[in-house]
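Report on the following structure.
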Amino acid sequence: MIGYIDKIREVALKLLNEEKVDMVIGYRQGSLPMMTEPCFVKRPEDVETLIWDSNCRINLAAYLMDRKEKIGIIAKGCDSRNIINHLVENKIKREQLVIIGAPCKGMIDNKAIALQFGQDIDEYQETEDQITVKGGGTEKTFQKVDVLQENCAICNHRNPVVYDELAGDLVEEQTDIDRYEDIRKIEAMDIDEKWNFFEDMLSTCIRCYACRNACPLCYCPTCFVDESKPQWVGKSNDPNDTRTFHFLRAFHCAGRCTDCGACERACPMDIPVRLFTKKLGKDCLDLYGWEAGLDPEQRPPLDTFKPDDPNVGMK
Amino acid sequence: MKVIQIDTNQWTEGLAKLEGSYRMFGPAETEGKYPEFKELEKGDVPNLNVSNTHLSAKSVVYPQSEVMFEYTLDEAKEDHHQLREIEKDYSPRAVFGIRPCDAAANLIIQRNFDSKEYRDPYWVDAFESCVFIGHACENPGATCFCTSVGFGPFNEDGLDLLLVESDNGGFLAKVITDKGAVLAKSAGWETETDAAALEPLKEAAEAKIRSKVNTDQLAKQDAKDLFDAPIWEDIGFACLNCGTCTYSCPTCWCFDIQDEVKDKSGIRMRNWDSCMYPLFTLEGSGHNPRPEKHHRIRQRFMHKLKYYVDKYQAGVQCVGCGRCVRLCPVNIDIRTVCEKMNSYKPA
């Protein structure tokens with residue numbers, strides 16, 4: 001996977017030189033080890049700033065909404081599924097895009113690595129299977145599979161679903177994974193346990209809305225929490241309002257969420273907000289056999305009616 | 001001012017003594033959560049093993065949400081539709097373990113909330129009720145750049161006492177103000193020691209700060225040139241417009257006022273607000289003077305690194321704590337932006 005960058009730069013250069021696109025959206029090296037920064041490249045001489053490694057976490061589909069230019073975009077499996085969402089929801093047109101698919105073996109959890117390393121990390125290196133970090137005179141090597149982000153470890157769509165170019169060979173999809181172990185545990189809780197679990201989980205939320213803003217699905221011109229006529233939700237950190245925000249946001253993502261993990265990566269407080277969206281993803285799979293972002297020709301289940309839909313809401 | 005020696009027993013006993021006369025605040029760690037500043041329960045001690053709290057200590061004086069007034073809309077009541085002040089507790093607070101960066105940040109916020117023209121009563125009264133017992137940083141982190149912005153790991157601005165860890169598990173405490181002296185006396189910390197012991201520790205700590213940023217040209221730059229510089233679209237592209245940088249910043253002071261009414265009783269409160277949000281500048285007409293995200297990110301950096309510099313002539317509105325650097329989900333780094341602004345040359 002780390003070898004993709006040559007191909008990515010080659011394709012980006014060609015697209016810009018031939019004026020097939022106005023810009024290429026990708027990642028550049030961040031100022032901190034294990035961080036990248038989403039960026040755009042408009043001039044052929046700048047393609048060298050593009051990079052690719054196991055820290056390209058942010059979902060680039062979030063940078064496409066309502067853009068008018070012709071765009072080349074790097075897409076992992078999850079990014080490509082969110083691009084499909086955008087196509088279905090008319091947020092971008094397919095003919096505007098040249099999708100550079102990046103078959104993905106998962107992004108690493110930089111926060112977990114930092115925690116395990118226990119001190120400031122000054123240097124970072126990766127090979128196909130290993131991650132090495134250095135700092136404070138010591139170094140530690142991790143097997144990449146042991147430090148994947150949780151959503152990447154259970155990902156079943158690593159290959160881009162839609163693409164025009166490929167940055168590397170397609171990878172084998174994971175088939176023997178249990179995507180919903182954590183959700184089943186919560187489902188098994190009684191009402192009080194669930195209440196306490198979620199209260200504790202949300203207790204540190206600072207209502208910064210990083211989860212919402214990182215999410216490629218959250219593109220409402222005015223989010224319901226920002227409405228003032230009527231004002232649906234209070235603006236303080238009252239637990240009622242915090243709860244309302246998280247629950248409603250999750251419901252808005254039902255049948256659309258690709259479990260790309262952008263929300264959790266952006267959360268400054270490390271709140272596992274995917275637990276909400278995953279539960280709804282699981283319900284969509286169980287009830288409608290639906291996984292989001294796989295087919296640009298199909299609308300999501302909560303947006304359509306079929307006579308044989310299960311009547312779970314009609315008890 | 002004098003330096004006193006506090007051994008571990010004196011430390012514990014002193015904290016117990018202070019509980020009677022101060023509300024106690026300090027870093028507290030809950031399992032599975034990041035350490036944050038909290039008001040401590042009776043018997044709890046501040047956790048001084050944390051490198052720094054995840055969010056800043058500004059919430060001790062300036063909580064994220066604060067109710068200012070209450071009122072009733074019930075016309076059967078005599079004082080209906082009149083704002084009543086909420087009673088506040090401004091009894092003395094002892095704030096333990098605040099790092100020098102966060103303490104210095106309070107003095108930056110003070111310039112805004114306690115000026116000749118305006119006095120914000122909630123902030124000023126809360127601030128004045130505090131005794132700040134700082135905790136010197138003998139091991140600053142990789143993203144700490146306090147020495148570049150006029151402060152340092154042993155900086156005393158905004159502190160009443162400065163604790164430095166000593167070899168025997170206790171502390172050396174430098175008494176900086178009379179408030180600090182009173183607190184130390186109440187705690188029974190009175191063993192004077194040689195002040196010269198602190199200087200080499202301070203120098204060693206400063207030498208450990210590896211992150212540097214240049215700010216020397218900011219005051220000389222033309223504000224309009226920087227505003228119009230063709231750097232903002234590139235800097236702002238990755239920005240998600242989450243408010244993480246502003247909420248975690250010890251020097252960001254903006255707030256929004258909200259009324260919340262339930263049935264016929266209402267409260268008027270203020271909540272932290274963020275220049276990263278489109279709503280921050282949305283006008284009643286529907287016009288938004290900062291409609292695009294690069295306008296908003298420009299405002300944040302221009303405010304901290306140019307407007308504040310020009311208005312107060314007291315350096316930048318940043319204490320180099322590095323929180324925004326660490327917490328930004330897309331790695332927008334104030335140090336990089338500062339260098340770009342500092343070295344900018346108009347075409």
Side-chain angles (χ1 to χ4, degrees), chain A residues 23 25 27-40 42 46 55 57-58 60 62-63 111 114 119-122 135-136 200-201 203-204 206-215 221-223 225-228 231 234-238 241 262-271, chain B residues 30 32-34 36 51 54-55 59 63-67 139-144 210-211 233-235 237-248 256-260 262 267 269-274 276-279 282 293 323-336:
Chain A
M23 67 192 317
I25 297 180
Y27 304 90
R28 64 184 174 199
Q29 184 59 52
S31 66
L32 301 178
M34 298 195 289
M35 284 299 280
T36 59
E37 180 182 349
C39 70
F40 64 86
K42 288 183 174 173
D46 292 337
N55 297 297
R57 306 177 181 89
I58 293 290
L60 295 183
Y63 294 92
K111 292 176 184 172
Q119 53 191 317
D120 286 329
I121 293 169
D122 298 326
D200 178 60
M201 172 181 149
S203 63
T204 54
I206 56 171
R207 294 283 291 280
C208 65
Y209 305 131
C211 49
R212 173 195 74 181
N213 290 19
C215 178
T222 308
C223 176
V225 295
D226 291 335
E227 296 265 6
S228 57
Q231 183 163 344
K235 303 252 178 184
S236 74
N237 50 7
D238 183 292
D241 295 317
C263 48
E264 283 189 3
R265 251 158 265 160
C267 177
M269 308 306 288
D270 293 349
I271 298 170
Chain B
T30 325
K33 308 273 195 281
Y34 287 111
E36 303 290 7
S51 59
H54 191 62
L55 299 175
S59 57
Q64 180 167 2
S65 297
E66 181 168 20
V67 180
N139 291 298
T143 51
C144 294
R210 292 170 293 160
S211 176
E233 199 190 346
D234 179 64
I235 291 169
F237 176 78
C239 180
L240 299 167
N241 273 182
C242 70
T244 299
C245 49
T246 53
Y247 281 17
S248 63
D256 175 42
I257 293 178
Q258 285 273 318
D259 275 22
E260 285 190 0
K262 193 178 176 194
I267 53 170
M269 67 199 312
R270 69 173 179 190
N271 303 302
W272 292 350
D273 203 352
S274 169
M276 292 294 102
Y277 302 152
L279 223 58
L282 183 64
K293 62 181 178 181
R323 286 187 180 89
C324 59
V325 178
R326 291 193 297 277
L327 293 179
C328 176
V330 295
N331 198 194
I332 295 171
D333 190 325
I334 190 170
R335 298 171 297 178
T336 317

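In this text the structure is predicted, and so the values were computed from the model without any measurement.
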Are the side chain of [X] and the backbone of [Y] linked by a donor-acceptor contact shorter than 3.5 Å?
| X | Y | answer |
| --- | --- | --- |
| D120(A) | G141(B) | no |
| Q64(B) | I206(A) | yes |
| Y63(A) | A238(B) | yes |

Segment of [X] engaging chain A (4.5 angstrom heavy-atom cut-off):
| X | value |
| --- | --- |
| E36(B) | side chain |
| R210(B) | side chain |
| T244(B) | both |
| V325(B) | both |
| D234(B) | both |
| S51(B) | neither |
| I257(B) | neither |
| K293(B) | side chain |

Among [options], which residue forms the greatest number of heavy-atom pairs with chain B at distances under 4.5 Å?
| options | answer |
| --- | --- |
| K111(A), R212(A), Q231(A) | Q231(A) |
| C208(A), A262(A), A62(A) | C208(A) |
| G30(A), A210(A), S31(A) | S31(A) |

- Message: If you apply the rule side-chain contact (heavy atoms from CB on, under 4.5 Å), what do you find for L279(B) with K235(A), and how did you get there?
- Response: CA-CA 12 Å; L279(B) 223 58; K235(A) 303 252 178 184; 3.3 Å; yes
Considering non-hydrogen atoms only, spot the tightest contact between [X] and [Y] and give its length.
| X | Y | answer |
| --- | --- | --- |
| L327(B) | P268(A) | CD2-O, 3.9 Å |
| S236(A) | M269(B) | CB-CE, 3.3 Å |
| I58(A) | P329(B) | CD1-O, 3.8 Å |
| C242(B) | N213(A) | N-ND2, 3.5 Å |

- Query: Mind checking whether F40(A) and F237(B) have parallel, tilted or perpendicular rings, split at 30° and 60°?
  - Reply: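 The rings of F40(A) and F237(B) stand perpendicular, inter-plane angle above 60°.
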For [X], which atoms come within 4.5 Å of any heavy atom of chain B: side chain, backbone, both, or neither?
| X | answer |
| --- | --- |
| D241(A) | side chain |
| Q119(A) | neither |
| S228(A) | neither |
| R57(A) | neither |
| D200(A) | both |
| I271(A) | neither |

- Query: Can you tell which of T246(B), N139(B), L55(B), I332(B) has the highest number of heavy-atom pairs within less than 4.5 Å of chain A?
  - Reply: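 Looking at each of T246(B), N139(B), L55(B), I332(B) in turn, L55(B) comes out on top.
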Rounded to the nearest 0.5 Å, what separation is found between the [atom1] atom of [X] and the [atom2] atom of [Y]?
| X | Y | atom1 | atom2 | answer |
| --- | --- | --- | --- | --- |
| L32(A) | N331(B) | CG | CG | 4.5 Å |
| T204(A) | K33(B) | OG1 | NZ | 5.5 Å |
| Y247(B) | R207(A) | OH | CZ | 8.5 Å |

- Task: Kindly write out the residues that satisfy salt bridge (charged side-chain N to carboxylate O under 4.0 Å, His left out) with R335(B), not counting sequence neighbours, or none if the list is empty.
- Result: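 In terms of salt bridge (charged side-chain N to carboxylate O under 4.0 Å, His left out), with neighbours along the sequence ignored, R335(B) is linked to D333(B).
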